[in-house]
Amino acid sequence: MGTTISTLTSLAIYIALVVVGAFIGSRPALRDKKMVWLSKFQFVALMILIVTLGIKLGANEEVVSSLGQIGLTALVITVMAMAGSLLAVYLLRRFVLKLDRCGRPIGSAEEQGEQAQESGKADNGTTKWIVLAVVAGMLAGYFVIPDALVVHCGSVIDFGLYLLLFLVGMDMGKQGTMLADIKAAGFKVLLVPAAAIVGTFAFAALGGLLLPTGVKDSVAASAGFGWYSLAPTLLQSYSLTVSATAFLSNVMREIFAIIAVPIVAKKVGYVECAGLAGATAMDTLLPVIVGATHERITIYSFVSGVILSLAVPVLIPMIIALPL
């Protein structure tokens with residue numbers, strides 16, 4: 001119950017920050033200004049957030065110790081789950097939603113007018129900086145940063161996330177298309193997290209056929225969708241081994257998604273990024289996704305992250321209760 005309330009509280013804060021940012025950004029006094037500093041400020045804030053997250057993970061003894069014990073199992077589950085999400089959302093976008101790579105209706109005037117403009121938004125430079133930030137943060141957390149400073153990483157991450165969500169909202173407001181994007185997405189936006197769930201579970205089950213954990217436990221470990229603080233807690237009473245695997249696998253999913261989103265946006269599609277990020281598409285990964293894609297993808301990312309986050313405390317108990 002407490003977890004659900006905490007999730008809903010965080011959700012309310014995230015929504016409020018994006019809405020307030022969008023309202024301020026939509027004011028005529030700001031919409032008419034170029035505000036070049038806004039994107040640069042977002043990038044700096046994002047790097048600080050990712051480095052701090054890396055420090056927190058690198059200093060976590062449970063993460064480090066798990067690498068040797070169950071690292072390979074967690075890695076296979078993570079890669080399979082992310083590949084399944086990517087494939088499922090890709091098929092959904094192409095054949096059900098009928099959107100182009102940039103998330104626009106195929107054949108629309110908007111698609112034809114913006115094709116050249118957006119083709120290179122997700123550049124390799126962003127990916128390199130993100131990889132460096134993650135690696136530097138984890139190394140610093142493991143070797144350099146004292147525990148007295150590590151304990152404050154959570155507060156820094158929260159503040160950085162709040163700031164980034166507000167700035168993302170401002171960007172949306174300046175674009176002036178927020179309501180149009182929501183209307184264009186419609187109820188079909190709910191299909192993105194559904195596809196991510198199906199893809200995650202199907203491919204995690206395939207991975208389970210090759211792993212000592214088996215199909216059921218592999219699916220259970222993948223059902224955190226990147227929420228590494230909740231999934232292991234729900235699995236502790238079921239199996240400590242599966243709980244530890246889920247913890248490491250979901251940590252990997254968040255880190256891998258941070259690195260992979262710019263590449264997927266450039267090579268595969270914008271909407272796919274939301275499914276790839278899992279539950280973190282509504283918070284940590286939202287600025288990364290919007291920065292690598294377009295403000296119109298905010299609605300897909302946010303809604304997908306919210307639904308997957310709310311699904312975690314429902315799906316995991318259902319999976320472990322299966323008589324398999």
Side-chain angles (χ1 to χ4, degrees), residues 6-7 10 13-14 17 39-71 74-75 78-79 82 125-168 224-233 243-263 273 276-292 301 305 309:
S6 176
T7 301
S10 298
I13 294 173
Y14 297 156
L17 287 167
S39 60
K40 294 181 179 178
F41 194 22
Q42 282 189 54
F43 179 76
V44 172
L46 178 62
M47 289 301 103
I48 293 173
L49 176 66
I50 294 175
V51 168
T52 308
L53 177 63
I55 291 172
K56 184 179 179 182
L57 293 174
N60 190 314
E61 293 183 4
E62 189 175 355
V63 172
V64 177
S65 62
S66 296
L67 286 173
Q69 300 170 10
I70 54 175
L75 177 62
T78 305
V79 171
M82 293 180 71
T126 303
T127 308
K128 293 175 183 177
W129 279 110
I130 287 175
V131 172
L132 287 173
V134 171
V135 173
M138 294 192 72
L139 291 176
Y142 185 72
F143 292 107
V144 180
I145 307 298
D147 292 342
L149 292 179
V150 172
V151 296
H152 299 293
C153 284
S155 300
V156 174
I157 291 172
D158 288 341
F159 177 78
L161 182 57
Y162 294 159
L163 175 61
L164 279 167
L165 291 174
F166 174 76
L167 293 174
V168 167
F225 306 110
W227 194 350
Y228 61 82
S229 60
L230 176 61
T233 304
S243 175
T245 303
F247 175 72
L248 187 56
S249 175
N250 285 284
V251 166
M252 287 180 177
R253 180 157 188 169
E254 182 169 12
I255 294 174
F256 291 175
I258 289 173
I259 297 170
V261 158
I263 301 171
C273 295
L276 192 72
T280 61
M282 77 170 184
D283 44 57
T284 313
L285 266 292
L286 180 61
V288 181
I289 292 171
V290 176
S301 183
S309 296

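Because the structure is predicted, anything quoted here is derived from the model rather than measured.
Interatomic distance, F247 CZ to I70 CD1, rounded to the nearest 0.5 Å: 9.5 Å. Note: I55 CD1 to N60 CG = 13.5 Å, rounded to the nearest 0.5 Å. Separating the CE atom in M82 from the CG atom in L276 is a distance of 4.0 Å, to the nearest 0.5 Å. In this structure, CG on L53 lies 5.5 Å from CD1 on I258, to the nearest 0.5 angstrom. One finds the CZ atom of F225 at 10.0 Å from the OG atom of S309 (value rounded to the nearest 0.5 Å). The line from CG of L46 to CD1 of I130 is 6.0 Å long, rounded to the nearest 0.5 Å.
Every residue was checked against the side-chain hydrogen bond (donor to acceptor under 3.5 Å, both in side chains) condition with S301, not counting sequence neighbours, and none meets it.
Residue V131 is tested with I255, I259, I50 for a side chain to side chain contact (heavy atoms under 4.5 Å, CB included); the sole match is I259.
Note: W129 and F43 have perpendicular aromatic rings, judged against thresholds of 30 and 60 degrees for the angle between ring planes.
Counting only distance, with no hydrogens or angles, the side chain of T78 and the backbone of M252 share no donor-acceptor pair below 3.5 Å. In this structure a side-chain-to-backbone donor-acceptor pair under 3.5 Å is missing from T284 to T280.
In the displayed structure, F41 atom CZ is contacted under 6.0 Å by at most 12 heavy atoms of other residues, nucleotides or ligands.
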**Report entry** N250 vs W227, side chain to side chain contact (heavy atoms under 4.5 Å, CB included): CA-CA, chis, key distance, verdict
**Finding:** CA-CA 6 Å; N250 285 284; W227 194 350; 5.6 Å; no

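Looking at every heavy atom in both residues, A246 comes nearest to P232 through C-CG, 4.4 Å. Smallest separation of non-hydrogen atoms from M47 and A133: SD-CB, 4.0 Å. The shortest heavy-atom contact between L163 and A45 is CD2-CB, 4.2 Å. The nearest pair of heavy atoms linking C273 to I289 is O-CD1, 3.7 Å. Considering all non-hydrogen atoms of both residues, A231 and G224 come closest at CB-CA, 3.7 Å. Closest heavy-atom contact between A281 and L286: O-CB, 3.4 Å.
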Donor-acceptor pairs under 3.5 angstrom involving side-chain atoms of residues 138-154: please list them, not counting sequence neighbours.
none

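At least one side-chain heavy atom of L161 sits under 4.5 Å from a side-chain heavy atom of Y14.
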